[in-house]
Amino acid sequence: MIRYAMKQGWTPKATAWRFSWDALCLFNITHPGRPPCGGVDKRVDGLIKTIQLIVERDPALVEVVVRSLQISGLALLFSTLVGIPLGAWLGLKRFPGRWLAMALIYTGMGFPPVVIGLFVYLLLSRSGPLGMLNWLFTPNAMVLAQTIICFPLIAGFTMAAVLGVDPHLRQQLQALGASEWQATRAILSEARVGVVVSVVAGFGSIISEVGAVMLVGGNIEGKTRVLTTAIVLETRKGNFDLALALGLVLLGLSFVANLAMLRLQGELVLRR
Amino acid sequence: MDAEAVYRLENVTKAYSGRTVLAIDRLDIMAGELLAVVGPSGAGKSTLLRLLNFLEPPSSGYIRYRGVIADGRLPELEVRREITTVFQRPLLLNRSVAANVAYGLQLRGQRGVERKVAASLELVGLSQLARSRAAQLSGGEAQRVALARALIIEPRVLLLDEPTANLDPYNVNLIEQVIKRVNRERATTIVLVTHNVFQARRLADRVVFMLNGRVIEVSDVGTFFGSPRDARTAAFVRGDMVY
């Protein structure tokens, strides 16, 4: 900007005036009612429409949001039920092959979701080993895929949190009279903040995932369409208002989840 | 004397990965006494405490505690709950100071322990920190909380593993006063592992000198520091390098 002004030979005062005027023009303040420069009106209109869709609870939007929450919520529940005990067990117990199990969990944490979608697709396709379930292109398939994506994350973070607790704590607690189970409970309690982080990270990963759910769910309207797949579709159709609204809701959900995590972390740390 | 022995250790050994770190032919610990265990690093002092607290079983030999014999296996939880240890590094739970102190009583199913917690914290001079977070304490304060946490359960035997190592003189003095008081007023049997021979002299009734996992000498405090029987004990008391 400054280089351009220097090329034109403008004084600093003239430069300041020029760019201030451009800014006012951009926001259509100088000539209200006339088409402004740069197509800003269109963008502002789009934003207003987006906000309208959210505020007025557009039925299409609400349906997709509810379905997303149902599918991801169920997947999160199953992942938590499997992931937390598995992570805690790997963090607490010493057994042959533990390192291999830990390596597998860490690999699962970084596994590309779309590849998991492909595996689930092959598993549930008519000729696949679980084809008789007829789950392909149903919410069940999406829950299964999301659970497989999510549980290694929860197990891995839980394991890391448990491993982060001082290894001498168990002996200290047993010296105070704790049984094996009481000591284990106290160690898990010490790792509680990490466990909460694992659940929120798991939720974040599946609510925003698109590849796997697109593959196994098929993005069928009124049946398997969720926030992420709907954004892809609406963008392709040129419905940027709805795509943006869906995107904002997704961002909002992610923000609320993280906010809840922070609150919970604070309460857990301060809990007696 | 035998009737008063809380512990009797006979032919006790402890080995890790085939390496013997403790080998005690015989050692009696009397009821109500304050026994100091001194010796250089690697002498087996902390291992001895772990065996006395029944956190680990001996590899061979037996430990008799008030009629209960522990050889290859550990005694029941109820027996183990009569004994507790304060370790050199106070590991406190990520809770308030009061919750940490109450922990041992909660393990035993006791409720409504506020008064006991307050009394225990008062004993170590930390009443004002009851509601503080344990993570915010200084090293000396944390060790005093660890001591209060151990004392609240009124153990029959209190094992102290270098409880004042790395602490400033104020905290050392405070902890020593509490140890003496508990030993005198509650008749708690105390086994104190320490590197500090002066501390052993100040506090102990009897002193055990250990070297390379073996008991070299056990004497009353006067004999130990006045006329030790073993040349290695004499050298250790003089401050010579013994290893």
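In what follows, every chain begins at residue 1, and chains take the letters A, B, ... in the order their sequences are listed. Values below: all heavy atoms of this structure, side chains included; hydrogens, waters and symmetry mates excluded.
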Applying side-chain contact (heavy atoms from CB on, under 4.5 Å), run through B:E176 and B:L203 and close with a yes or a no. CA-CA 7 Å; B:E176 285 186 1; B:L203 298 177; 3.8 Å; yes
Give the C-alpha distance, both sets of side-chain angles, the deciding distance and a yes or no for side-chain hydrogen bond (donor to acceptor under 3.5 Å, both in side chains) between B:N171 and B:R144. CA-CA 8 Å; B:N171 279 301; B:R144 282 152 65 190; 2.8 Å; yes
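Interface with chain B: from residues 70-84 of chain A, no residue qualifies, criterion being any non-hydrogen pair under 4.5 Å. Proximity to chain B among residues 140-171 of chain A is limited to A:D166, A:H168, A:L169, A:Q171, judged by heavy-atom separations below 4.5 angstrom. Listed in order of number, the residues of residues 175-185 of chain A that approach chain B to under 4.5 Å between heavy atoms are A:A175, A:L176, A:G177, A:A178, A:S179, A:Q182.
The line from OH of B:Y103 to CD1 of B:I153 is 11.0 Å long, rounded to the nearest 0.5 Å. Note that CG of A:L215 is 11.5 Å distant from CD1 of A:I116, once rounded to the nearest 0.5 Å.
Taking a 6.0 Å sphere around CD of B:E185, one finds it holds more than 12 heavy atoms contributed by other residues, nucleotides or ligands. Under a cut-off of 6.0 angstrom, the local environment of OH in A:Y121 is sparse, with at most 12 non-hydrogen atoms contributed by other residues, nucleotides or ligands. Within 6.0 Å of the CZ atom in B:R214, the count of heavy atoms belonging to other residues, nucleotides or ligands does not exceed 12. A 6.0 Å sphere centred on CG of B:D168 holds more than 12 heavy atoms belonging to other residues, nucleotides or ligands. The environment of B:R181 atom CZ is sparse: at most 12 non-hydrogen atoms of other residues, nucleotides or ligands sit within 6.0 angstrom.
Contact of B:R50 with chain A is made through the side chain alone, with heavy-atom distances under 4.5 Å. Looking at B:I83, only its backbone comes within 4.5 Å of chain A, counting heavy atoms on both sides. Interface remark: B:F54 contributes no atoms to any contact with chain A (heavy atom separation under 4.5 Å). Proximity to chain B (any heavy atom under 4.5 Å) is restricted, for A:E190, to the side chain, taken from C-beta onward.
A:R225 places a side-chain N or O within donor-acceptor distance of the main-chain N or O of A:N219, the cut-off being under 3.5 Å. Counting only distance, with no hydrogens or angles, the side chain of B:N100 and the backbone of B:L93 share a donor-acceptor pair below 3.5 Å.
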Check: residues 119-130 of chain B side-chain donor-acceptor pairs under 3.5 Å, at least two apart:
| from | atom 1 | to | atom 2 | distance (Å) |
| --- | --- | --- | --- | --- |
| B:S120 | OG | B:A148 | O | 2.8 |

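The residue among B:R89, B:E56, B:Q106, B:R80 with the most heavy atom pairs within less than 4.5 Å of chain A is B:R89.
Between A:W89 and A:F95, the gap from one ring centroid to the other is short of 6.0 Å.
Under the 4.5 Å side-chain criterion, counting only non-hydrogen atoms from C-beta, B:H195 is in contact with B:E162.
With no hydrogens or angles considered, no side-chain donor-acceptor pair links B:E33 and B:T189 at under 3.5 Å.
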